[in-house]
Amino acid sequence: MQGDDWNRTAVQALLADTDRALALAEAEGVRGSRRIVEDATANAHSNYIDLLRRSRPLIMTDGDQVAFQKKLDRLRACLRTFGVPV
């Protein structure tokens, strides 16, 4: 796979994984029991760190970068709602 193709595929996977992490963090069921909230919060924080780490070596278009940052902003807001510092 060529470098540009690999990068594009990695960016698309990163954006898809960001959508998944955000959907899990914003899910209505997260508001359930304390155990569910703790698990969802830990998972969201782990996903957030992983997404940041994976994004560093990638070259994104301006549009991809804006979309990624908006999703990260929403994920950070979810974490703050649960009292997790980011």
Side-chain angles (χ1 to χ4, degrees):
M1 183 179 286
Q2 295 288 339
D4 289 343
D5 291 341
W6 176 89
N7 184 75
R8 187 72 206 137
T9 300
V11 168
Q12 290 171 342
L14 178 71
L15 292 173
D17 289 346
T18 305
D19 283 335
R20 182 188 59 79
L22 187 56
L24 290 172
E26 292 180 335
E28 188 64 32
V30 171
R31 310 311 185 250
S33 73
R34 180 180 177 148
R35 173 79 174 156
I36 291 171
V37 170
E38 288 173 354
D39 288 348
T41 302
N43 189 39
H45 189 257
S46 177
N47 285 334
Y48 176 79
I49 292 168
D50 182 58
L51 292 165
L52 286 177
R53 179 191 55 79
R54 288 175 48 204
S55 71
R56 287 186 186 118
L58 300 178
I59 300 167
M60 293 189 222
T61 65
D62 290 343
D64 289 340
Q65 185 64 39
V66 167
F68 180 64
Q69 286 303 317
K70 284 182 179 182
K71 293 171 187 183
L72 279 184
D73 289 345
R74 287 175 49 200
L75 187 54
R76 271 192 299 272
C78 287
L79 288 168
R80 286 186 191 119
T81 297
F82 293 115
V84 178
V86 286

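For Arg8 and Asp4, the salt-bridge test fails: no basic side-chain N is under 4.0 Å from an acidic carboxylate O.
In this structure, CG in Leu24 is found 11.0 Å from CG in Asp19, a value given to the nearest 0.5 Å. Note: Thr18 OG1 to Gln69 CD = 9.5 Å, rounded to the nearest 0.5 Å. Note that CG of Asp64 and CD1 of Ile59 are 12.0 Å apart. Values are rounded to the nearest 0.5 Å. Taken to the nearest 0.5 Å, the OG1 atom of Thr41 stands 8.0 Å off from the CD atom of Glu38.
Side-chain atoms of Ser46 never come within 3.5 Å of backbone atoms of Ala42 as a donor-acceptor pair (strictly under, hydrogens ignored).
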Worksheet item: Would Leu51 and Asp17 satisfy side chain to side chain contact (heavy atoms under 4.5 Å, CB included), going step by step from the backbone distance to the final call?
Response: CA-CA 8 Å; Leu51 292 165; Asp17 289 346; 4.1 Å; yes

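Pro85 and His45 make their closest contact through O-NE2, 4.0 Å (heavy atoms, listed as atom of the first residue, atom of the second, distance). Counting all heavy atoms, side chain and backbone alike, Leu15 lies closest to Lys71 at O-NZ, 4.0 Å. In plain terms, the two heavy atoms of Leu75 and Ala25 that are nearest each other are CD1-CB, 3.6 Å.
Sequence neighbours left out, the pairs with a member in residues 41-51 that pass salt bridge (charged side-chain N to carboxylate O under 4.0 Å, His left out) are Asp50-Arg53, Asp50-Arg54.
Among residues two or more places apart in sequence or in another chain, the side-chain contact (heavy atoms from CB on, under 4.5 Å) test is passed with Leu58 by Trp6, Asn7, Ala10, Val11, Leu14.
No continuous path of ILVMFWY side-chain contacts below 4.5 Å connects Met60 to Val66, so the two sit in separate hydrophobic clusters.
Atom CG of Leu52 has more than 12 heavy atoms from other residues, nucleotides or ligands within 6.0 Å.
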